[in-house]
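Read the structure below first, then the notes.
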Amino acid sequence: MMKKIQLLSLIMVAVIFISCNQATKNKEMVKKDVFGTQDGKEVYLLTLTNKPGNVIRLTNYGAKIYWIEVPDKNGKKDNITFGYDTFDETLKGDKYFGSIVGRFANRIANAKFTLDGVVYNTPANDGPNTLHGGPLGWHSVLWNTEVLRDSKFPAVKFTYVSPDMEEGFPGTVNASVTYTWNDNNEIVMDYVCTTDKKTVINVTNHAYFNLHGAGNGDILDHVVTLKASAFTPVDSVMIPTGEIRKVEGTPFDFNTPHAIGERIGEKYDQLILGKGYDHNYILDNKEEVDVTVYEPVSGRMLEVITDQPGMQLYSGNFLDGTQIGHGGKVFKYRSGMCLESGHYPDSPNHSDFPTTVLNPGETLKSTTIYRFSVK
Ligand code: GAL
């Protein structure tokens, strides 16, 4: 009898020890440091380390992904995304590096849209249009930070309450993005939004990638496979014309692998208007992986998986070398590319595009994954 009790106590002690140990491990998987202050509030830099020992860094300012350190085919690790070393540089630097973009990613034509007969005016910050939710959009606000200690993998949830009429958009919106860095080297981004008034939402992440390592040359040799049969051509101010164009037979067809630089210089109307690739693809959404990017020198591969209908392929055409990021790296012309999952640009002004309207009582839920590996 005595022996049984002793054995039971021993098992209980072991269980308590294992769970405490797990909790300590979870704590170590996410390190929270102060990055700076804004309006008297602390801005954090969060370091997430997964079991294979790979590291990503996030900040709650703009809910940005600031660092993704993954190995090449020889096991050499390097950061492959754009960001800055200090909060001060962040405030002065490019607004969109790694940012969560909202309320409406990409452009809204002539900075206005109509909902139920009411015209909403949003700030024009890109010629006549509104870009990425306006100058004070979600990329520039401080999100609340919650480290998810009970998660199996390192995970951080950022939440933000966007007030009614912020940047001209109706409704108080409760937004969250949870970043999970799992042991398969996937950044899983889970978005959730609700509203108290009818509104429009298009949320994305604007990380720039260079699989050679951020600041190491351009992305023209990155080989892209993008599962989309059509895209939305744009006019001279980058607004979709409404045409849905088949990619077949054009330099926009990435259904079979092509290097970004292979056809980017062709005298094709949309490459001229976009100054390169800067277009929304209509995803086929038939296979698990929507986009694959392979960089042959390092062997690094990025796969993007999304439940969204569109994907903006942007070849870094507006980068001009004026931005100096991590460790003094210079982000030159076409030295980074973005794959922005989401809805089609200017959807609120195109009734035939998939709707971006969110009603009270509905919950917008969406997931996009960046998966890193080597080949
Ligand atoms: C992209 C957009 C580009 C440019 C960039 C920010 O999402 O497609 O045209 O505005 O953001 O520099």
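All values reported here derive from a predicted model rather than from experimental measurement. First listed ligand is number 1; within each ligand, the first listed atom is number 1.
Atoms of ligand 1 lying under 4.0 Å from any heavy atom of Leu131, numbered from 1 in the order shown and given with element: 10 (O). Atom numbering of ligand 1 starts at 1 in the shown order; those under 4.0 Å from a heavy atom of Glu340 are 1 (C), 7 (O). Listed by number with element, the atoms of ligand 1 under 4.0 angstrom from any heavy atom of Tyr96 are 6 (C). Interface of Asp278 with ligand 1, defined as ligand atoms under 4.0 Å from a residue heavy atom, comprises 2 (C), 3 (C), 8 (O), 9 (O).
By the salt bridge (charged side-chain N to carboxylate O under 4.0 Å, His left out) test, Glu186 is found to be paired with Arg371, residues two or more places apart in sequence or in another chain being considered.
Checked by atom type, the side-chain pair Asp346/Asn106 shows no donor-acceptor distance below 3.5 Å.
Inclusion of His132 in the set of residues having an N or O under 3.5 Å from an N or O of ligand 1 is warranted.
At a threshold of 4.0 Å, the pair Glu243-Arg245 counts as salt-bridged, since one of the basic side-chain nitrogens sits closer than that to a carboxylate oxygen. Salt bridge present: Asp126 and Arg107 bring a charged side-chain N and a carboxylate O closer than 4.0 Å.
Of the protein's non-hydrogen atoms, Phe318 CD1, 3.8 Å is the one closest to atom 4 (C) of ligand 1. Of the protein's non-hydrogen atoms, the one nearest atom 11 (O) of ligand 1 is His206 NE2, 2.8 Å.
Less than 6.0 angstrom separates the ring centroid of Tyr277 from the ring centroid of Phe254.
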For salt bridge (Lys or Arg N to Asp or Glu O under 4.0 Å), just list the numbers for Asp190 and Lys365, CA-CA rounded to whole Å, side-chain angles, deciding distance to a tenth of an Å, and then say yes or no. CA-CA 7 Å; Asp190 289 305; Lys365 277 193 184 167; over 6 Å; no
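Only the side chain of Asn106 comes within 4.0 Å of ligand 1, counting heavy atoms alone; its backbone N, CA, C and O stay farther away. Looking at Arg107 against ligand 1, only its side chain comes within 4.0 Å, counting heavy atoms.
Checking side-chain atoms of Arg300 against main-chain N and O of Val70 turns up a donor-acceptor pair under 3.5 Å.
Put simply, no part of Lys95 is less than 4.0 Å from ligand 1, judged by heavy atoms.
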